[in-house]
Amino acid sequence: MSLVTLIRPPVLVAKWAHTTPTCPPIGLAYLAAVLIGNDIAVNVVDAVGNAPDQMLPTDDERFLSHGQSTEEIIEGIDPATQIIGISCMFSHEWPLIRSLITRLKEVFPQILIVGGGEHITALPEFSLEDCGALDVGIIGEGEETLTELVSAILENRPLDAITGIVYRNNGSILKTAARTRIRNIDNIALPAWELFPLDTYLDNGYGFGVNRGRSMPVLATRGCPYQCTFCSNPTMWGTRWVSRSPEQVFDEMLQYHKR
C-alpha cells in the first residue's frame with residue numbers, strides 16, 4: 001500500500017521553445033529515498049518521464065504543458081495514498097500546478113496535499129492563500145521536514161512542532177519556525193531512481209550538460225553564497241555552501257556508469 005505519492009508535475013514551456021528541461025527529478029528521488037529509509041511506502045508519478053514527448057495546450061496559447069495530462073496523473077495515483085507530495089520549482093509554472101492541485105483535491109478530497117520546492121519556499125503563505133486545495137507547504141530542504149510531517153500526519157499528531165512548514169489550522173494559515181539546514185549532506189540516502197522511468201530519459205537522450213547522451217543528474221553541493229535579486233536561494237537554502245565528500249560523489253558516478 002502506498003502511503004505517500006510523490007508527483008513531478010508537467011513542465012510549462014513556451015510554444016516556440018526549441019529546448020525543454022527534460023531531466024530526471026533528482027529532488028523527488030532524494031525525498032523518496034529518505035522516506036523509504038524511514039519505512040514509509042512511496043509511489044511516484046513522474047508526469048514528464050512518463051510522457052516525455054507529449055505537449056498539451058494550456059489556458060494561455062503561448063505556452064504548452066510538457067508531460068502527462070492531469071487525468072493521466074490521477075490514473076497513476078494509488079487510491080490507498082494518504083499523502084500527496086507535489087513539487088513546484090518555478091513560479092512561472094505555479095498556475096499550471098495550482099490547477100493540478102485543485103483537480104487532485106476534487107478527486108481525492110480525503111488525501112492531504114503537500115507542496116514543496118523553490119516556489120513554495122519563496123512564497124509559502126501566498127501559495128496556500130492562492131490555492132485552497134494545498135494543505136501544507138514545506139519551506140527549504142525537504143528530506144527531514146517531509147519525513148517528520150508524514151509521521152505526524154499518520155500518527156495524528158499536531159503539526160505546530162514541525163519546523164519549516166506552513167499549514168492550515170482552523171481557517172488560519174500558520175508558519176512554523178525555520179528549520180536548520182542539513183549540515184552533513186553525505187548522510188542523506190542516495191536518490192531512489194528505481195521508482196522513476198529512467199529508461200525513458202536515457203534512451204531518448206534527455207538531460208542537461210554538454211553530452212546530451214545518457215547523462216544522470218548528480219548533487220555535489222548545496223547552497224550558494226551569492227544573493228542574486230531574481231533568485232529565491234537565500235530563502236531556500238540560506239547563503240551557506242556545503243559539499244558532499246569528493247569520494248562519495250565519485251563513487252556515485254561509478255555506480256551510474258556501471259548501471
Decide side chain to side chain contact (heavy atoms under 4.5 Å, CB included) for Tyr167 and Asp160; before the verdict, give the C-alpha distance in whole Å, the side-chain angles of both, and the deciding distance to 0.1 Å. CA-CA 9 Å; Tyr167 67 102; Asp160 56 359; 3.3 Å; yes

Before you tell me yes or no, could you show the steps for Val45 and Leu6 under side chain to side chain contact (heavy atoms under 4.5 Å, CB included), namely the whole-Å CA-CA distance, both residues' side-chain angles and the distance that decides it to 0.1 Å? CA-CA 6 Å; Val45 179; Leu6 299 178; over 6 Å; no

Between Phe126 and Trp94, does the side chain to side chain contact (heavy atoms under 4.5 Å, CB included) criterion hold? Intermediate values first, please. CA-CA 11 Å; Phe126 167 82; Trp94 173 243; 3.9 Å; yes

Evaluation steps, salt bridge (charged side-chain N to carboxylate O under 4.0 Å, His left out), between Arg179 and Glu148: CA-CA 12 Å; Arg179 177 174 292 270; Glu148 290 183 20; 3.0 Å; yes

Can Gln110 and Gln82 be said to form a side-chain hydrogen bond (donor to acceptor under 3.5 Å, both in side chains), step by step? CA-CA 8 Å; Gln110 78 284 2; Gln82 293 174 264; over 6 Å; no

Audit row: Leu202, Met216, side chain to side chain contact (heavy atoms under 4.5 Å, CB included) steps and yes/no: CA-CA 8 Å; Leu202 300 179; Met216 287 291 294; 4.1 Å; yes

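Taking both residues in full, the closest heavy atoms of Ala47 and Pro9 are given as CB-C, 3.8 Å, listed atom of the first, atom of the second, then distance. Considering all non-hydrogen atoms of both residues, Ser65 and Thr58 come closest at N-CG2, 3.6 Å. Annotation for Asn50 and Pro197: closest pair OD1-CG, 3.5 Å, computed over non-hydrogen atoms. Taking each heavy atom of Asn43 and Gly76 in turn, the nearest pair found is ND2-O, 3.2 Å. The two residues Gly49 and Thr200 make their nearest non-hydrogen contact at O-CG2, 3.0 Å. The minimum heavy-atom distance linking Ile26 with Leu219 is given by the pair CD1-N, 3.6 Å.
Within a 6.0 Å radius of CG in Asp59, no more than 12 heavy atoms belonging to other residues, nucleotides or ligands are found. Atom NE2 of His257 has 12 or fewer heavy atoms from other residues, nucleotides or ligands within 6.0 Å. In Glu155, the CD atom is crowded: over 12 heavy atoms of neighbouring residues, nucleotides or ligands sit closer than 6.0 Å. Other residues, nucleotides and ligands contribute at most 12 non-hydrogen atoms within 6.0 Å of the CZ atom of Phe250.
Atom CD1 in Ile153 sits 6.0 Å away from atom CG in Leu159 (nearest 0.5 Å). One distance of note links NZ of Lys105 with CD1 of Ile84; it measures 8.0 Å at 0.5 Å rounding. The distance from the OH atom of Tyr30 to the CD1 atom of Ile185 is 7.5 Å, given to the nearest 0.5 Å. Rounded to the nearest 0.5 Å, atoms CG (Asn204) and CZ (Arg214) are 10.0 Å apart. Going from atom CG of Leu146 over to atom CG of Asn38 covers 10.0 Å, rounded to the nearest 0.5 Å. Interatomic distance, CG of Asn184 versus OG of Ser245, reported as 8.5 Å (0.5 Å rounding).
Each of Leu96 and Leu134 belongs to its own hydrophobic cluster when Ile, Leu, Val, Met, Phe, Trp and Tyr are linked at side-chain heavy-atom distances under 4.5 angstrom. The hydrophobic clustering, which links ILVMFWY residues whose side-chain heavy atoms are closer than 4.5 Å, places Ile7 and Leu12 apart. Cluster membership for Ile73 and Val107, using ILVMFWY side-chain heavy atoms within less than 4.5 angstrom, is shared. Cluster membership check: Tyr256 shares its hydrophobic cluster with Leu198, using side-chain heavy-atom separations under 4.5 Å among Ile, Leu, Val, Met, Phe, Trp and Tyr. If you chain together hydrophobic residues whose side chains sit under 4.5 Å apart, Leu56 and Val48 never meet in one group.
Remark: the backbone N or O of Arg168 is not paired with any side-chain donor or acceptor of Ser172 at under 3.5 angstrom. Panel note: side chain His66, backbone Val13; no donor-acceptor pair is recorded below 3.5 Å. Side chain of Asp135 to main chain of Ile113: a donor-acceptor pair is present (N/O by atom type, distance under 3.5 Å, no hydrogens or angles).
Looking at Arg103 and Thr70, their side chains never bring a donor and an acceptor atom within 3.5 Å of each other. Between the side chains of Gln68 and Glu75, no donor N or O sits under 3.5 Å from an acceptor N or O. A side-chain donor-acceptor contact under 3.5 Å links Thr5 and Thr81.
Between Glu141 and Arg181, at least one side-chain N (NZ, or NE/NH1/NH2) sits under 4.0 Å from a carboxylate O, which counts as a salt bridge. Salt bridge annotation for Glu143-Arg222: present, with a cationic side-chain nitrogen under 4.0 angstrom from a carboxylate oxygen.
A heavy-atom distance below 4.5 Å is not found between the side chains of Arg62 and Lys15. A 4.5 Å side-chain heavy-atom check between Val136 and Leu112 finds at least one atom pair inside the cut-off. Side-chain contact between Val34 and Ile188 is present, with heavy atoms from C-beta onward closer than 4.5 Å. The shortest distance between side-chain heavy atoms of Phe196 and Val44 falls below 4.5 Å. Using a 4.5 Å cut-off on side-chain heavy atoms (C-beta onward), Glu129 and Ile173 make contact.
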